[in-house]
Each structure stands twice: as C-alpha cells, then as structure tokens.
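Here is the structure we will look at.
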Protein chains: 2
Amino acid sequence: MKNRVRIKDIAEKAGVSKGTVDRVLHKRGNVSPEARKKVLAAIEELDYQRNIIASALAYNRVWKIAALLPRPEEDPFWQQPKLGIGRAHRAVRDYGVTIDFYHFAEANANEFITASQEILDGEYDAVLVAPIFAKEGHDFLDRCQDKGLKYVQINTYLPREDENFMCYIGQDSYQSGMLAAKLLSLGMAEGNAAMILHLEKAVYNSMHLVEKEKGFTDFFNQNSDKSISLFQTSFEDIFNKDAFANFVEKTLDQHPEVGGIFVTTSRAYHLVEALERLGRSQVKVLGFDLIKENLKHLETDRIHFLINQNPLKQGYLAIINIFNQLVLKKDVQKIQYLPLDVVMRENMQYYVNVEEELHLII
Amino acid sequence: MKNRVRIKDIAEKAGVSKGTVDRVLHKRGNVSPEARKKVLAAIEELDYQRNIIASALAYNRVWKIAALLPRPEEDPFWQQPKLGIGRAHRAVRDYGVTIDFYHFAEANANEFITASQEILDGEYDAVLVAPIFAKEGHDFLDRCQDKGLKYVQINTYLPREDENFMCYIGQDSYQSGMLAAKLLSLGMAEGNAAMILHLEKAVYNSMHLVEKEKGFTDFFNQNSDKSISLFQTSFEDIFNKDAFANFVEKTLDQHPEVGGIFVTTSRAYHLVEALERLGRSQVKVLGFDLIKENLKHLETDRIHFLINQNPLKQGYLAIINIFNQLVLKKDVQKIQYLPLDVVMRENMQYYVNVEEELHLII
DNA sequence: AATTCTTCCGTGCACGAGCACATAATTCAA
DNA sequence: TTGAATTATGTGCTCGTGCACGGAAGAATT
C-alpha cells in the first residue's frame, strides 16, 4: 500500500507529532491554534483520508445492533430480510459489529412491545426495526429517541423527524400500486374490469395496503385511453379454501368482465389455486413477493406478474447503512426506496438466483 | 471486539507459538505432524476465522487491477460500468487495491490491441475486460492465460476454460430476447406482427444481438396462444435521420399489422423519433438501456419498455469479485447473470436513483 | 519564589495477522 | 562422537490508527 498518506506523513509535513494530528482529527481539543492550523493545512494539501482498516483494528470496539422483526417461521417473507441481515453481518463482522435478533408474531403487538423493551434495556448502539404496528412502532421509536438509540426502519415507514432516525429502507407502496395497474392494463381490453383483492386481516390498519390501492386506482383515473372499471374486495379467512373459492366464484359471477386481479399482498397463490378449482384461469393475476408458493405459479404463467419487494436487500442494506453511519461515519440518505422489480416467468430465474447469492463483499 | 478467536488463542490452546499456527494456516511447511495436528484441532474446536481487517493491514501489499473498456465519452452506456468500478474501488481501496483504466474506441479493434498490450506489460494482478471484439478478445485472453494474469469479463461473454478466467458478469442475451417478446406480446392482438430491429453495424458479428433475436423468435414459437407473425430488419446509418425515417415508413407500410417493435440495441430513441416524425406513435416499442435519451421517451410512454442491462452493477460486481477472489481468497461463481429488469414509466425512477446512489459499503 | 493547576504536545503501547530472523531440536554424515 | 545440515519452533518487529500516560511550558495561586 504505497503512496497512501498516513497520519505520520501529516505530522511530518506540519512539524508536529502524530499525537497532535490525532487530536485535531478527533477534535479532542488541547491543541494550540497554530498547530491546529498547520495540521489542517497539511491534511488539505496531502488529501489525507483515514485508513478504515487500520482504524477499525485500533478501535477494537464492539458495535451492538439489535434487529426486531416478525418471526420468520410464521411467514416465509420474513426469512428474507433475516438472510440479508446475516449476509451483511458477514461483510462487516470484522469491524466489530454484532447483531442480536428479536422476533415477534405478526399478529401480536404485545410481543413487539416485550421485545422492544428488552432492546431498550440492552445497551445497543443501533436498532433495525420493521415497525408493522403503527401505534406500538411509534411508541418504541419515541423511546429510542429519548434514550438516544439510533434506528433504521425497513419495510414499513413511520414518518419521523428526530435525530436518531437513521433511514428507511423499503418500497414506495403507492407507486407499486401504479405499476401494478399499468401491468394489468397492458392485457386488458375496452370495457374490462380490474379487481383489487386484499387478502389480509384489518386492511385499513395497514397503511401500505391503502397506499397500494390508491396508486392502483389513480393510475386508471389518469390513463383513460381504455375505459376500465374498478372495484375493491377483501377476504380474511384465506385458510378456509371452500369459503374462499365460493367468495371468488360469486365475485366473478357478479363481475364477468374482470380481466385482471390485483392481489395487494403476498398471497396471490391462494387466489390462483381457487381460480384453478373453479376452472377460471384465463384472468390475469398480479401479486407481490417471490415466495416459493408464488414462484411455482409464476413458472406456469398462472400468476402473470409479481412485484418484488426485495426483502433480502432490505435487510442487507439496513445493516450496511447502520454500518456506514455508525462505523464509517458517512452520511446516509433518509429515504431509500428499493426498485419495484417486475418479475415474470421469463426473468424470474435471475431474481431468484440473486436472492440465493448476493454477490457482495463477504 | 471481544470473544473473537485470535491466532494467539489457538496457539495457547494447541500449546505452540503463534508462529507455528501461522505456518499451518499458510501451509508454509516446517511443522511437525504432531504440532500440525494439535493446531488444526484447535482451529476446528475454536472455530477460528481469520480477521480480514488485521490481515489486510499486515499484508500491506498493493493489488494492481487494470480495467479495459470502450471509451465512455463516445457512448454513454460505458460511463456506467466506469462509475460502478469507481464505487467498488472506494469500497476496497483500503485493502490496497489500485485500478488503472485503459480505453479503446468501440469501433477500433486496433486500439483494443494496443491497450491490451500495455496491460500485459504492466505487471497487474488481475484485469477486468469488456471483450466486445470476439477475435481480438480471445487473443488477449489467451495471452493473459500464458502470462498467468487473472481476468474478469463483463458485458460480453467469451466462453473460456482456463484457470485464469475468474468470472463473467453480465446478461443472458437469449433470455432477454424471450423477455422482450413476452412484454411486447402482452399488448398485441391476434394477427398482429412483431418487428425485430437491429440498429447497429455488423450485426452478425455481435453474438449478443444474434442471441437476443433467437430468444425473441423462440418465445413466439413456443407460445402460440395468439398467432403473431415475425420479421427482422436492420439499419446501420442511423445518424442520417431522413434515410432512417424513410426506411421506417417503408417497412411499416409493407407491414401495416405491426403491433410491437423490438429494438435490440440501446438506440430505441432513434426509432421513436422517426415514428414521431411519421405520426405513427401507436405501436409499442421496447429497447435496452436506461440512457438519458431513452428515459426521456420512457417518461412520456413513447418507449414502452426498457430492459436494464445494469451496466453500473456490472462494473461494480466485477471489481468486488476480483477482490473476493484475490484478496479474500473466496471462491466465486464463474457465470453471474444480472437480473433482466423490466423498466417502465411507473418504476423507472427507482432504477435511475439506484444508478445514482448504489448504497453499498463505501 | 515556590507551589499547584492548566494547556499543550510527544512517546509508546495496543489491536491481530504476516513474516523475517534467531534459536532450539533433530537428523545425517564423517 | 563431534560437527554440519536440516527441520522445527519461538520471538519480535511491521502495518496505520487510537488512546493513555507523562512530561514540558506557562499561567495562576499562595
């Protein structure tokens, strides 16, 4: 590593010792104005940049990060961010970063509260959280704020202004609705209808579902080259297959002109299985997330489009961003939207592969 | 950084000195079988993993990488890999990695030869190359092989078997043709025609254009739910706008049923401008690459789809892969296809943003 | 004038791995 | 059985940065 400017070089140039340079660099005080000036001039002139490697080695400290996510055993979606966090951890481990996982059930806000309390008591440097409960999420982040604990949000965005909010990594739900509408509209003819289907409990507590629906309807309002009618439905009890098939059948009978169905959650595969039972597979289906169950149907073109939420990347980038800010002291962007990947049978393999093998520094 | 197992810990556990452990780890020999056995047992038991940070600092060597690409001033596409290489360089700089750029004109194989000779003379540890000339590319890689110089290919893949071939980072051209066909077919009706348009000189010297065309036609052969006819055209002299407009007009007059045009290169914007002059903007257009000229038309829905070749990521990952193999001594995958991103007006902003700010370790 | 207290600055060790050199143990030859 | 050659092992310095400690110089107090 020749030619790289070292602290020692600055010290020589400025005619002081490396200790003084160090005090200037770290703003530790106890430096005379003249010495300070000479050091700063030397830093400027030689274009000094701290050697991160040596710095990390010398620091020899532990950066404690907590990750607070829904239980991955219950929903395959949440395995992906956890995987991404693990990958990122391997990339930054040698800098002294440790990560502890805390989990809660997706339907259980109390578990969220309990886990978040443990984190607050745990002397962490930063926390990565998926604040899927709006109220409890805000409460937790308020307390992080009080305690001076830095946090990164993934997947769900709770708008925040305080100093400790590092960044949000996730999707633009509204725009994903727009994109869904565009994709479904491609194959639809004049007079067709588009159906919005929420397969989730308590839809209107989930801001991102509301936003998706809004984007979807706005697209059709703004693009009126074909006249397409819209309607919205939802169904909660998806594990009751008969009831669900009945519901689908009745809805389609009422709306025989349906040309496309927008499933706002990751459960498009349930719809497809119902459609198949009913022998109504000609309608186009769009859903979210590259989970196994969906991919199976994408491969046979029964699901026509999936929008990828990049959950692995969400976890990966959240850790990398914490690392950049905490350890490398870089500024990071507050809102980081991941791309809305359009996945079809013809390009799915690459997204699935990428999930398997994110080719970054390990 | 507590609890991490160090060489010293292994030495103590095995009852030898850290020098002996070092000799075992680096297979330097001069270790008695018994000592070796004890050391290996200790490594196993304590699950030792080398501290990359400390290792890089101690190595204190320079890794010289050469990058051989077309001149970015001549084609905006090639600015992107160069940007990606720069980003990656910042991420690995402190490990002692240096990168020198060599450029050649896209139409000038002699410049390629000259530059590659300089690289061969330059004592590099690895070279990143876009071997867009098949013959000259193979010649160069043969000489790398003779000299023991490791190489990574981006963008264009020349199949190689030798030891020095590290990996290929780029696209699957055949599959991108398939995807293009699927996308254009979505909006087409029974009896429509799809047009393949090569806007490039010497098309049949460019393997990737041939592959794209093949994928495109294979899609329609394999999916015959609608009967769509296909035909192929090409035009070289794109900078002669009148001649090109004439050509487009004549072609469309001969094929009035054209519902979609597949532009196999990054020059879709030329087509769109010609169509506009002719007042024939209703036909769907698909092209490649998120360059400024294309994005302008994507935004107004005159280009309907762009397939992203991820040129920035190609450059970024090429360097990261060299780093992983050279410095960190990890195995890397030989063929790494990047995803085929479907970009439309509704999701373009995210891909453009990502190009601006790749959020990785800097 | 002698003392404490600041302010300023330099020296030296630590981090963990790599590697050169010195030294100890063993083998082999004469 | 002694000396040389070979093999095995340990010691200590290096990389660049961070930080603690201690000393010097000057200001403030008695």
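Atoms considered below: every heavy atom in the structure, side chains included; atoms not considered: hydrogens, waters and symmetry mates. Residue numbers start from 1 in every chain, and the chains themselves are labelled A, B, ... in the order their sequence lines are given, proteins ahead of strands.
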Counterpart residues, salt bridge (charged side-chain N to carboxylate O under 4.0 Å, His left out), relative to [X] (two or more places apart):
{"X": "A:R6", "answer": "A:D9"}
{"X": "A:R143", "answer": "none"}
{"X": "B:E12", "answer": "none"}
{"X": "B:D146", "answer": "none"}

For the helix from C:dA1-D:dT30 to C:dA30-D:dT1, how many degrees between its two end axes (five pairs per end), to the nearest 10°?
->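 What I find for the helix from C:dA1-D:dT30 to C:dA30-D:dT1 is an axis angle of 60°.
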Using the ring-ring contact (aromatic ring centres under 6.0 Å, His included) criterion, which residues pair with [X]? Sequence neighbours excluded.
{"X": "A:H103", "answer": "A:F101"}
{"X": "B:F112", "answer": "B:F104, B:F133"}
{"X": "B:F165", "answer": "B:Y151"}

Residues in contact with DNA chain C, drawn from residues 10-28 of chain B - heavy-atom cutoff 4.0 Å =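 Heavy-atom cutoff 4.0 Å gives B:K18, B:D22, B:H26, B:R28.
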Quiz: residues 119-129 of chain A side-chain donor-acceptor pairs under 3.5 angstrom, not counting sequence neighbours:
| unit_1 | atom_1 | unit_2 | atom_2 | d |
| --- | --- | --- | --- | --- |
| A:D121 | OD1 | A:Q117 | NE2 | 3.1 |
| A:D121 | OD2 | A:Q117 | NE2 | 3.4 |
| A:Y124 | OH | A:D100 | OD2 | 2.6 |
| A:Y124 | OH | A:Y102 | OH | 2.8 |
| A:D125 | OD1 | A:R61 | NH2 | 3.0 |
| A:D125 | OD2 | A:R61 | NH2 | 3.3 |
| A:D125 | OD2 | A:K64 | N | 2.7 |

Qualifying residues under side-chain contact (heavy atoms from CB on, under 4.5 Å), relative to B:A58, sequence neighbours excluded |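 side-chain contact (heavy atoms from CB on, under 4.5 Å) list for B:A58, sorted by chain: empty.
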Strand contacts (DNA chain D) in residues 29-46 of chain A, 4.0 angstrom heavy-atom criterion |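 Contacting residues: none.
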